[in-house]
**Q** 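First the structure, which I've put down as structure tokens, then a few questions once you've had a look.
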Amino acid sequence: ASIEEQRDLRAKVTSNEDLVREQMVGWELRDSETKELVPFSAEALEELLSISPTPMAAAVAFWEGCNGARAKN
């Protein structure tokens with residue numbers, strides 16, 4: 001994300017959960033017990049966000065990725 005996109009996103013989202021909802025559009029996730037693929041859906045995302053500390057960890061990973069991408073360019 002560009003610096004402007006990051007500023008807009010910071011102004012738009014009010015929580016880690018909002019950031020994840022805004023940015024996560026899919027995943028490659030497998031159930032740890034059955035090894036079956038877990039399809040991405042709004043409901044599955046909400047279930048994931050209900051697990052602490054997932055929202056914070058995902059938000060940190062997103063912002064670190066933005067900063068790392070900017071530092072490399």
Side-chain angles (χ1 to χ4, degrees):
S2 72
I3 292 173
E4 287 181 25
E5 290 170 328
Q6 290 179 40
R7 280 190 202 123
D8 291 345
L9 191 55
R10 283 189 178 104
K12 184 179 188 179
V13 299
T14 58
S15 68
N16 292 329
E17 291 85 355
D18 287 345
L19 174 67
V20 175
R21 285 183 192 107
E22 182 73 24
Q23 292 299 302
M24 189 172 288
V25 295
W27 60 44
E28 290 184 28
L29 185 63
R30 290 192 179 272
D31 183 286
S32 61
E33 293 177 16
T34 67
K35 308 299 183 215
E36 295 290 322
L37 285 174
V38 177
F40 181 81
S41 68
E43 294 81 19
L45 178 57
E46 291 305 315
E47 286 182 43
L48 182 66
L49 290 174
S50 73
I51 302 169
S52 180
T54 300
M56 181 179 219
V60 167
F62 172 78
W63 292 119
E64 285 178 349
C66 288
N67 292 332
R70 188 171 57 225
K72 291 178 187 176
N73 291 331

**Q** A side-chain contact here means heavy atoms from C-beta on lying under 4.5 Å apart; do L9 and Q23 qualify?
**A**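 They are in contact (side-chain heavy atoms under 4.5 Å apart), so the answer is yes.
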**Q** Roughly how far, to the nearest 0.5 Å, is the OG atom of S41 from the CD atom of E47?
**A**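 Between E47 CD and S41 OG, I get 7.5 Å after rounding to 0.5 Å.
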**Q** Quick one: CE on M56 to CD on E17, what's the gap to the nearest 0.5 Å?
**A**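 Output value for this atom pair is 10.5 Å.
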**Q** So which atom in P55 and which in L49 form the shortest heavy-atom distance, rounded to 0.1 Å?
**A**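 Closest approach of P55 to L49: CG-O, 3.3 Å.
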**Q** Could you tell me which non-hydrogen atom of R30 sits nearest to which non-hydrogen atom of V38, and how far apart they are?
**A**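 Here R30 and V38 meet closest at C-CG2, 4.1 Å.
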**Q** Quick check: closest heavy atoms across P39 and A44, and the distance to 0.1 Å?
**A**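 Nearest pair, atom of P39 first, then A44: O-CB, 3.9 Å.
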**Q** Identify the two heavy atoms, one from A58 and one from V20, that lie closest to each other, and give their separation to 0.1 Å.
**A**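 Scanning both residues completely, I find the closest heavy atoms to be CB-CG2, 3.6 Å.
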**Q** At what distance, to the nearest 0.5 angstrom, does CD of E28 lie from CG of L37?
**A**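 Reported to 0.5 Å precision, the distance equals 8.0 Å.
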**Q** Taking C-beta and beyond as the side chain, do M24 and F40 meet within less than 4.5 Å on heavy atoms?
**A**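 With C-beta onward as the side chain, the pair touches.
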**Q** Report the residues that fulfil side chain to side chain donor-acceptor pair (under 3.5 Å) with R21, sequence neighbours left out, ordered by chain and then residue number.
**A**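 Here the qualifying residues are D18, E46.
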